[in-house]
Engineer: 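After the structure tokens below, expect a handful of questions from me.
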Amino acid sequence: MLNCSIALQILPLGENSRIEIIDKVISYLSTRHKNILVTPFETVIEGEYDYLMESLKNAISLAGEDHSNIFANIKINYGRIMTIDEKIKKFN
């Protein structure tokens, strides 16, 4: 059931391997979600709330495996949501 969308921005604080950590998180999310949009500033996933919360928790933990300080910006839309396609189709 589609009742949630999350925009996630992972920011490893420090100089070491930022892009590699971000890529690792995006790769993880891509294996779990078919409805995903990667942008230059954040990654958007949509689906069932509990499944997305599990993915969110795991994504932050995954980033923390390789870096000692992770900052995450998270936006959550819950309830009767518009899909990614509905939100952006008029611009494509």
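Just so you know, residue 1 is the first one in the sequence shown, and it goes up from there. Computed over heavy atoms, backbone and side chain alike; hydrogens, waters and symmetry mates excluded.
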Engineer: Could you tell me the separation between the CD1 atom of I60 and the CG atom of L56, rounded to the nearest 0.5 Å?
Structural biologist: 4.5 Å
Engineer: To the nearest 0.5 Å, what is the distance between CD1 on I45 and OH on Y51?
Structural biologist: 9.5 Å
Engineer: Of the non-hydrogen atoms in I10 and A72, which two are nearest, and what is the gap between them?
Structural biologist: CD1-CB, 4.2 Å
Engineer: Kindly write out the residues that satisfy salt bridge (Lys or Arg N to Asp or Glu O under 4.0 Å) with E42, not counting sequence neighbours, or none if the list is empty.
Structural biologist: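 Expected list: K75.
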Engineer: Kindly indicate, with the supporting measurements, whether the criterion side-chain contact (heavy atoms from CB on, under 4.5 Å) is fulfilled by T43 and L29.
Structural biologist: CA-CA 9 Å; T43 300; L29 293 172; 4.2 Å; yes
Engineer: Run the side-chain hydrogen bond (donor to acceptor under 3.5 Å, both in side chains) test against N73 and tell me which residues pass, sequence neighbours left out.
Structural biologist: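 Per chain and number, N73 pairs via side-chain hydrogen bond (donor to acceptor under 3.5 Å, both in side chains) with Q9.
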Engineer: Apply side-chain contact (heavy atoms from CB on, under 4.5 Å) to S61 and list each qualifying residue two or more places apart in sequence or on a separate chain.
Structural biologist: none
Engineer: Rounded at 0.5 Å granularity, tell me how far CD1 in I76 sits from CD1 in I6.
Structural biologist: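 If I round to the nearest 0.5 Å, the distance is 5.0 Å.
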Engineer: Hey, does the side chain of S30 reach the backbone of I26 with a donor-acceptor pair shorter than 3.5 angstrom?
Structural biologist: yes
Engineer: Do L11 and V25 belong together in a cluster built from hydrophobic side chains that touch within less than 4.5 Å?
Structural biologist: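 Unlinked, L11 and V25 end up in two clusters.
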Engineer: In the hydrophobic clustering that connects Ile, Leu, Val, Met, Phe, Trp and Tyr at side-chain heavy-atom distances below 4.5 Å, which members other than I81 occupy its cluster, ordered by chain and number?
Structural biologist: L2
Engineer: Does L37 sit in a hydrophobic cluster with other residues, and if so which ones, taking ILVMFWY side chains as linked at heavy-atom separations under 4.5 Å, directly or through other members?
Structural biologist: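 Noted: L37 shares its cluster with V44, I84, I88.
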Engineer: Hey, is the main chain of Y49 close enough, under 3.5 Å, to the side chain of N3 for a donor-acceptor pair?
Structural biologist: yes
Engineer: Mind jotting down which residue pairs meet the salt bridge (Lys or Arg N to Asp or Glu O under 4.0 Å) criterion with at least one end in residues 82-92? Sequence neighbours excluded, please.
Structural biologist: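 Found none.
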Engineer: In chain order, what residues pass the ring-ring contact (aromatic ring centres under 6.0 Å, His included) check against Y28, with sequence neighbours excluded?
Structural biologist: none
Engineer: If the condition is ring-ring contact (aromatic ring centres under 6.0 Å, His included), which residues does F71 pass it with, not counting sequence neighbours?
Structural biologist: none
Engineer: Please report the shortest heavy-atom distance between H33 and S55, naming the atom on each side.
Structural biologist: NE2-OG, 2.7 Å
Engineer: Going by the salt bridge (Lys or Arg N to Asp or Glu O under 4.0 Å) test, which pairs reach into residues 46-74, not counting sequence neighbours?
Structural biologist: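 Of all non-adjacent pairs touching residues 46-74, those that pass salt bridge (Lys or Arg N to Asp or Glu O under 4.0 Å) are K24-E65, K24-D66, R32-E54.
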